[in-house]
Protein chains: 2
Amino acid sequence: MPGPIQSLSRAAAIMRLLAGGERRLGLSEVATALDLAKGTAHGILRTLQQEGFVEQDPESGKYQLGAELLRLGQSYLDVHELRARALVWADDLARAAGETVYLGVLHQQGVLIVHHVFRPDDTRQVLEVGSMQPLHSTALGKVLLSYDPVARGELGDGPYESYTLRTLTETADVDAECALIRERGWADSIEETWEGVASIGALIQDRRRNPVGAVCVNGPIERVCEDGFVKPSLVASVRSAARAISRDLGAGRF
Amino acid sequence: MPGPIQSLSRAAAIMRLLAGGERRLGLSEVATALDLAKGTAHGILRTLQQEGFVEQDPESGKYQLGAELLRLGQSYLDVHELRARALVWADDLARAAGETVYLGVLHQQGVLIVHHVFRPDDTRQVLEVGSMQPLHSTALGKVLLSYDPVARGELGDGPYESYTLRTLTETADVDAECALIRERGWADSIEETWEGVASIGALIQDRRRNPVGAVCVNGPIERVCEDGFVKPSLVASVRSAARAISRDLGAGRF
DNA sequence: CCACTGCGGTCGACAATGTCGACCGCCTGT
DNA sequence: ACAGGCGGTCGACATTGTCGACCGCAGTGG
């Protein structure tokens, strides 16, 4: 049965729609947005609600995502092998670098953050686990673009979204950058996504040498850079952390 | 169409199954566990995989939960009104009490942790957001049991699971405890779930005075208790935080 | 080395199933 | 009081998901 199950795809589309709009959505809004008959949308929403994937505000009748998704998302993290192996290394890296550490994997057209170590002893920070970052303007993303053909395929062509003056928006520029990254073995991103923020990333491979994710350190440009370039000592720390995690995954038998 | 959509319910069951077993599951395992034809299970898994809810280990062919669940789970938190309003109050409470703070809502037969403030300046701790706690042996759970008839209904009767010597396992004992909680307006749990750990919880209501969740402080018995009882000052802090959050939700118009 | 057994995956017939659009009652704003 | 919008229901229809037999492969024990 090589066709996807229609009702399931539609249910997924509804959940993505609910995740996208920051506010609750009514039945009719959902139906028209996805071009479904109201009855059909209602049947799907009813089932999703029953299963806990969607909740309905009893006052307004509008729908939002449900708690079961949080629970299952947590289960995803529990099983995630890369994350489990990387926990301790990421911690060490954050301590050594004195900066925030992210661990990301390719997901659809972006990088999904699966682990986040707060910058040691600093102000309050928000946990980024579960959020997405763009492929073409972050260190994590550019690492994956450089080594994972699937990631490059997902990105496609055409001008990419610009976040700052330094964002690379042209296909040719990004591809050239990726060639450089492959050559030297690490990626950086200096104010390409957020003003004042720079990061350095490196690849994580599994036992078959397939790219499975990336680590990066992330911090204010004043602390991460020197004379306009990222600090070599930080690059070394990130690369050695990435190698350590890869070895832990079984890629280390050189 | 008052019947749930079969394929959707089955897909949900598959995801729950994958979330339950800590290891990856094969197609046949899934099919037999849920009493489905292999072809049917495969169709559902294929669709779930395509949508990112399930991933397949290309080596072994076995299935596990997918990254999209993490992303959607995060979106759930983003929209969650109770959590958004409670963020700052929970922080204040943690600082004032010097202990871990949890924020939980009823979900199925347990309490789902939707926010977790780490104990201030202490050792490394694991984030509990997304995990579940039992209803009958935690401060959060007993608060919800006492005020939310739905929670009481979900719990059912019969001896409950015992975690320590102090866990209440009999229906009558739990109900008596809940009556006491309603009378005094707060719940505690001293070593009823984990040895050496005590917690104090209070109810959060929305603008229509419906129970929507609970807050608690949680810490080692030596710091939370005095002479075998929880410290009154902590009780006061928790209750005032719960009132503050409720007021923020619109319940405060007395 | 080769049956054998288990796996994940495919196929096509069948009818159970989800879909559709008209309809209902309710609430809100006019 | 009315009109217009909402969420929700209903029943006929045929599209759609389901089923069980089948395929090729990999590991295994004789």
Side-chain angles (χ1 to χ4, degrees), chain A residues 1-18 21 23-66 79 81 206-208 210 250, chain B residues 1-18 21 23-66 79 81 206-208 210 250:
Chain A
M1 188 195 319
I5 291 180
Q6 190 188 44
S7 55
L8 263 182
S9 300
R10 287 174 166 179
I14 288 181
M15 286 193 281
R16 267 193 287 272
L17 182 69
L18 291 176
R23 64 183 221 291
R24 290 185 258 257
L25 261 44
L27 170 61
S28 303
E29 290 177 281
V30 171
T32 61
L34 297 175
D35 210 31
L36 296 175
K38 237 178 0 173
T40 305
H42 178 61
I44 295 173
L45 281 168
R46 168 205 284 271
T47 308
L48 287 175
Q49 180 183 10
Q50 201 160 302
E51 302 290 345
F53 291 94
V54 150
E55 291 169 2
Q56 185 175 26
D57 180 14
E59 199 160 0
S60 63
K62 292 186 187 294
Y63 294 93
Q64 64 174 80
L65 292 181
V79 181
E81 188 182 357
D206 68 5
R207 63 190 72 84
R208 293 193 316 278
N210 288 332
Chain B
M1 189 193 320
I5 291 181
Q6 190 188 42
S7 55
L8 262 181
S9 300
R10 287 173 166 180
I14 287 180
M15 286 193 280
R16 267 193 287 270
L17 181 68
L18 290 175
R23 64 182 223 289
R24 291 184 258 258
L25 260 44
L27 170 61
S28 303
E29 290 177 281
V30 171
T32 61
L34 298 175
D35 208 31
L36 296 175
K38 237 179 0 175
T40 305
H42 178 60
I44 295 172
L45 280 167
R46 170 205 281 271
T47 309
L48 287 175
Q49 179 183 12
Q50 201 159 301
E51 301 290 346
F53 291 95
V54 150
E55 290 169 5
Q56 185 175 25
D57 180 15
E59 201 161 357
S60 64
K62 292 185 185 297
Y63 295 92
Q64 64 174 79
L65 292 181
V79 181
E81 188 182 357
D206 69 3
R207 64 189 73 82
R208 294 192 317 278
N210 289 331

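Within every chain, numbering begins at 1; the chains are lettered A, B, ... in the order of the sequence lines, protein sequences first and strands thereafter. Fair warning: this is a prediction, and the values are worked out from it, not measured in the lab.
In this structure, B:Asp35 atom CG and D:dC19 atom C1' are separated by 12 Å, rounded to whole Å. Distance, A:Leu25 CG to D:dC6 P: 12 Å, rounded to whole Å. When rounded to the nearest whole Å, the span between CD1 of B:Ile5 and P of D:dG17 equals 10 Å. Going from atom CD of A:Glu59 over to atom C1' of C:dT28 covers 14 Å, rounded to whole Å. Straight-line distance from the NZ atom of B:Lys62 to the C1' atom of C:dC7: 8 Å, rounded to whole Å. Between A:Leu48 atom CG and D:dG8 atom P the separation is 13 Å, expressed in whole Å. Between the C1' atom of C:dG18 and the CG atom of A:Leu45 lies a distance of 15 Å, rounded to the nearest Å. Atoms CD1 (A:Ile14) and P (C:dG18) sit 14 Å apart, rounded to a whole Å.
For B:Ser28 and C:dG8, the shortest distance from a side-chain N or O to OP1 or OP2 is below 4.0 Å. Within the structure, every side-chain polar atom (N or O) of A:Arg24 is placed at least 4.0 Å from both OP1 and OP2 of D:dG7. Taking side-chain N and O atoms only, B:Arg10 has a distance below 4.0 Å to OP1 or OP2 of D:dT18.
If you check C:dC20, D:dG8, D:dC19 against the side chain of A:Leu27, the one that comes closest is D:dG8. Closest to the B:Tyr63 side chain, of the nucleotides C:dG18, C:dG9, D:dG7, is C:dG9. Taking every side-chain heavy atom of B:Gln6 into account, C:dT17 is the closest of C:dG21, C:dG9, C:dT17. When distances are taken from the side chain of B:His42 to each of C:dT10, C:dC20, C:dT17, the shortest belongs to C:dT10. The side chain of B:Lys38 approaches C:dG9 more closely than any other nucleotide in the set D:dG20, D:dG17, C:dG9. Candidate nucleotides D:dG20, C:dT19, C:dC7 were compared by shortest atom distance to the side chain of A:Ile44, and C:dT19 ranks first. The side chain of A:Arg46 lies closest to D:dT9 when the candidates are C:dT19, D:dG8, D:dT9.
Toward the 5' end of DNA chain D, the nearer of the two residues A:Gln56 and B:Ala41, judged by each one's closest nucleotide, is A:Gln56. Nearest-nucleotide positions on DNA chain C for B:Gly61 and B:Ser7 put B:Gly61 closer to the 5' end.
The residues A:Arg207 and B:Glu59 are annotated as salt-bridged, a charged nitrogen and a carboxylate oxygen being separated by less than 4.0 angstrom.
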With side chain to side chain contact (heavy atoms under 4.5 Å, CB included) as the test, would you mind laying out the steps for A:Lys62 and A:Arg23 before giving the verdict?
CA-CA 9 Å; A:Lys62 292 186 187 294; A:Arg23 64 183 221 291; 6.0 Å; no
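Nucleotides D:dG11 and D:dT15 have their P atoms positioned 22 Å apart, rounded to a whole Å.
In this structure, B:Gln56 contributes its side chain and B:Gly61 its backbone to a donor-acceptor pair below 3.5 Å.
Among the protein residues, A:Glu29 comes within range of no part of the nucleic acid, since none of its heavy atoms lies under 4.0 Å from any strand.
Of all heavy-atom pairs between B:Ala11 and A:Leu8, the closest is CB-CD2, 3.5 Å. Taking all atoms of both residues into account, the shortest heavy-atom contact from B:Ser9 to A:Thr47 is OG-CG2, 3.7 Å.
The shortest side-chain heavy-atom distance between A:Thr40 and A:Arg10 falls under the 4.5 Å cut-off.
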